[in-house]
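What follows is a single structure, written as structure tokens, with notes after it.
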2 protein chains.
Amino acid sequence: MPPQGRRRRPTQVDIARRAGVSQATVSLVISGGAASDQIAESTRQAVLAAAAELGYSANVAARSLKGGRSHLLGLYTFEPVFPTDQRDFYYPFLLGVEEETAAQGYDLLLFSSVTSAADRSIYAGGANRLKLADGCILLGRNVRREELNALVQEDFPFVFIGRREVEDGEVSYVGADYVGATSAVVAELHRQGHERILYLRAIDDTEPTRDREQGYREGLASAGLEVDERLIQGLADPADLSVEHVLHWIGGYGVTAVLVEPTEDNRLVDALTAMTDSERVRFPDDCSIALLGEPPSWTPELRDWTRFSLPRAEMGREAVRMLVDLLGDAQPASRQTIIPCTFVPGDSIGPAPAGPALRR
Amino acid sequence: MPPQGRRRRPTQVDIARRAGVSQATVSLVISGGAASDQIAESTRQAVLAAAAELGYSANVAARSLKGGRSHLLGLYTFEPVFPTDQRDFYYPFLLGVEEETAAQGYDLLLFSSVTSAADRSIYAGGANRLKLADGCILLGRNVRREELNALVQEDFPFVFIGRREVEDGEVSYVGADYVGATSAVVAELHRQGHERILYLRAIDDTEPTRDREQGYREGLASAGLEVDERLIQGLADPADLSVEHVLHWIGGYGVTAVLVEPTEDNRLVDALTAMTDSERVRFPDDCSIALLGEPPSWTPELRDWTRFSLPRAEMGREAVRMLVDLLGDAQPASRQTIIPCTFVPGDSIGPAPAGPALRR
DNA sequence: TCTCCTAGTTCATACGTATTAGATGCGGTG
DNA sequence: CACCGCATCTAATACGTATGAACTAGGAGA
């Protein structure tokens, strides 16, 4: 049965017939570029005219089948992106990625790890779904290591947003300089007279957390301070950051400043707000506090916490540039980039309290 | 030269060789579904094993060239999405689309119309880029009509978010009920005693604007009011909505209420805020005002303007459902859906001033 | 007149998959 | 033993494009 319901689109063969030339000639004219200057001007015009009359448009599928490239870049997120607050965290990355993808002449393929994570993993059905794209940007905190390993093993071109390491093999990434940024915060606190600085780290042992811890240690070292291991504590749930705990740390450990690693959702900010509202501890008068990063969404009525912020859109853009570079024939310029963070002074740190520990 | 730099992706032929069967068999096993139950279980296992070992994944281009399904849904936005404020307007649609796309087991292909619009149009490079996807969601106010026509002509499956019409042919869409919502606002104003209601419409003649105008006229008619054509005015630039103008309308035309169509960016809100701040006209005491829609981003410190809001995420989801429906063999349930808007009472309308026109 | 060149064009094929119409083998039936 | 049916599998082909090799015509040179 000849195509009947849905009308068949005109092909180069149709144009060729109409213009009285061969399909190859049509291809040469249409795809223009290199070899097309061997074509007589009259022929070229005839072909173009025929193409216009028929309303021809090239078939992308055929083109990329022939060329081996799909001109798609993938974006895969390990985290479900739908809980609203995480969404706000990842959105800026996505914007940067999208913008640069377009600038590079690619389209963006959004892999939905989103729902029922079970069957939407990278290797769903035993096959690497990402391969649909020429290369892929990866994102997310809770990386499934086996999958990351597999990706590296099979030499699939990808760039991770955020520093990631695997056992054997090299991961390309664009990371934020958590080490330097954290160290800088410690330095600033020390400048203001703080010597007992509590570091509340995330409970899981991922690269972003390790980097912050390293920055903390380096910062203390640069300041000539010893690391008191009791001052490094895991914070399982942001809600645990309560006034009671802070009072305990101040009283028990002589802490004058607290560093805390934000979560991708809004729970930490909620906890902070609750603490501030209670007014049993005043920040920064009784205790300084700084965030090692930036909570997802920043609204003006929110307190201007001392923190540092990552250039999320820029990281997205840079990741795409690196990926495109990777796809090129030549050796890529670099496979790992660390981008500096911006220190936001804010209003939640101040000079260390001169007197003895706070007593109320 | 055999592929050398980056390893060539394994194909069905590779699998076939390894499993000792033919390519056709591999295809039958892989694409699963219909005819694959004719395959012996042992063979099937062998093929799947080989595929897994080689890290096979199907080539979309080849698949869609052959007429198969790519399991991709496209999303194309006519507007550049990057000016920050427009971004906020379109984001909720995107979320809905993404969510439902995932739920339906598709991946989402983001076509970037984003940069240099010239070469990123649908038919860029003489090719219909959308074709890579099985179907496509379209979005955006400034539709390029020729392209929309072409899409309809070649019978490509797509759904527009927002009502859109073309000369000959039928566009599938999920629209917001601007007519009903606008009419309802007029009714409410009339209930509060307003009879001279100014309607500030967008300057361009697109469907969303036409629908609002129709709603305005219908609302007046239902209220038993005549339409005074002088009270329908085009608003080219939101900044033109100044105190001076409002005073003029109140004094000159006896206007007691203003309806204004919001833009996708923040300019209208800025103008409104400026007007409120000046305090030369008090809303709603001196004049009621309502927005025929919702400005992109709503932050709590912003005034709670009377308005109606569209269920943007839901529209996105519904559009995807409709598209998937369209892709199925059966006749789609519907090709046009209108979704009601939610009236937000807000605080910017009130009873019509009893006395004569405001004088200061 | 024959060869050679060059500009202009066509031939033939490959890309990776899906699909239809056979091919193959095998056990059973008349 | 010929034949049929059944269960599996394969051969062949089409999809639309790009491209290197081959061809053609017409003129220049020998």
Side-chain angles (χ1 to χ4, degrees), chain A residues 1-3 6-17 19-47 50-51 54-71 127 131-132 134, chain B residues 1-3 8-17 19-47 50-51 54-72 125-129 131-132 134 154:
Chain A
M1 177 177 67
R6 272 188 198 287
R7 233 176 351 285
R8 196 177 63 88
R9 308 191 328 148
T11 73
Q12 293 188 350
V13 174
D14 299 321
I15 300 181
R17 230 185 318 262
V21 297
S22 75
Q23 176 268 324
T25 305
V26 175
S27 174
L28 287 177
V29 171
I30 299 283
S31 52
S36 95
D37 43 1
Q38 311 178 356
I39 301 283
E41 187 55 25
S42 58
T43 310
R44 155 195 243 84
Q45 291 306 333
V47 169
L54 292 177
Y56 170 81
S57 73
N59 181 324
V60 198
R63 236 178 217 179
S64 53
L65 173 57
K66 181 62 188 163
R69 288 284 167 90
S70 62
H71 270 271
K131 283 204 180 161
L132 216 149
D134 290 342
Chain B
M1 179 176 65
R8 193 178 60 88
R9 293 181 32 166
T11 73
Q12 292 189 349
V13 174
D14 299 321
I15 301 181
R17 227 184 323 259
V21 297
S22 75
Q23 176 268 324
T25 305
V26 175
S27 174
L28 286 177
V29 171
I30 299 283
S31 51
S36 96
D37 45 2
Q38 308 179 357
I39 301 286
E41 188 54 27
S42 58
T43 310
R44 156 196 242 80
Q45 290 307 333
V47 168
L54 292 177
Y56 171 81
S57 75
N59 179 325
V60 220
R63 222 175 226 182
S64 56
L65 174 57
K66 182 54 195 170
R69 290 288 165 86
S70 61
H71 267 272
L72 298 184
N128 175 351
R129 302 160 57 215
K131 278 285 164 90
L132 248 189
D134 291 342
E154 59 174 288

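So that the names make sense, note that chain A is the first sequence line, chain B the second, and so on, each numbered from 1.
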- Message: To the closest 0.5 Å, what do you measure between OG (A:S42) and CZ (A:R44)?
- Response: 10.5 Å

- Proximal nucleotide (of D:dA11, C:dT10, D:dC9) relative to the B:A24 side chain: D:dA11

- Sugar-phosphate only, base, or nothing, as touched by A:V21 at under 4.0 Å among non-hydrogen atoms: sugar-phosphate

- Message: How many whole angstroms separate atom CG of B:N59 from atom P of D:dC15?
- Response: 18 Å

- What's the CD1-C1' distance between B:I39 and D:dT10, to the nearest Å? 10 Å

- Task: Kindly give the heavy-atom pair with the smallest separation between B:A50 and B:A19, and that separation in Å.
- Result: CB-CB, 4.1 Å

- Message: Let's see if you can work this out: which of D:dT10, C:dG16, D:dT19 has an atom nearest to the side-chain heavy atoms of B:S22?
- Response: D:dT10

- Minimum-distance pair of heavy atoms, taken over all atoms of B:D134 and B:H71: OD2-N, 2.9 Å

- Check A:V29 against A:I39 and note the closest heavy-atom contact, atom names and distance. CG2-CG2, 4.0 Å

- Considering all heavy atoms of both residues, which atom of B:A16 and which atom of B:S22 are nearest to each other, and what is their separation? CB-C, 3.6 Å

- Euclidean distance, atom CG of residue B:L28 to atom P of C:dA21 [Å, nearest integer]: 14 Å

- For B:R17 and D:dT10, give me the distance from atom CZ to atom C1', rounded to whole Å. 16 Å

- Query: What's the shortest heavy-atom distance between B:I30 and B:A51, and which atoms?
  - Reply: CD1-CB, 4.3 Å

- Side-chain N,O (B:T25) to OP1/OP2 (D:dT10) below 4.0 Å: yes

- Item | Any donor-acceptor N/O pair under 3.5 Å between D:dA18 base and A:Q12 side chain | no

- For B:L54 and C:dG16, what is the distance between atoms CG and C1' respectively, to the nearest whole Å? 15 Å

- Message: Need one value for B:T11: base, sugar-phosphate or nothing, where a base atom within 4.0 Å counts as base even if backbone is also close, heavy atoms only.
- Response: sugar-phosphate

- Query: For D:dG16, does either OP1 or OP2 sit under 4.0 Å from a side-chain N or O belonging to A:R63?
  - Reply: no

- Note on the structure: B:L65 atom CG is separated from D:dC15 atom P, nearest whole Å, by 9 Å

- Item | Atom of B:P10, atom of B:L54 and distance for their closest heavy-atom approach | CG-O, 3.3 Å

- Query: Does a side-chain N or O from B:T43 land closer than 4.0 Å to OP1 or OP2 of D:dC9, or not?
  - Reply: yes

Short N/O separations, protein against nucleotides 24-27 of chain D, under 3.5 angstrom:
none

- Note on the structure: Whole-Å distance, B:I15 CD1 to C:dG16 C1', equals 11 Å

- Taking atom P of D:dG16 as reference, at what distance in whole Å does atom NZ of B:K66 sit? 9 Å

- Task: Identify whether any heavy atom of A:S64 sits under 4.0 Å from a base atom; if not, whether one sits that close to sugar-phosphate; answer base, sugar-phosphate or nothing.
- Result: nothing

- d(B:T25 OG1, B:I15 CD1) to nearest 0.5 Å is 11.5 Å

- Message: By the 4.0 Å heavy-atom rule, please label B:V26 as base, sugar-phosphate, or nothing.
- Response: nothing

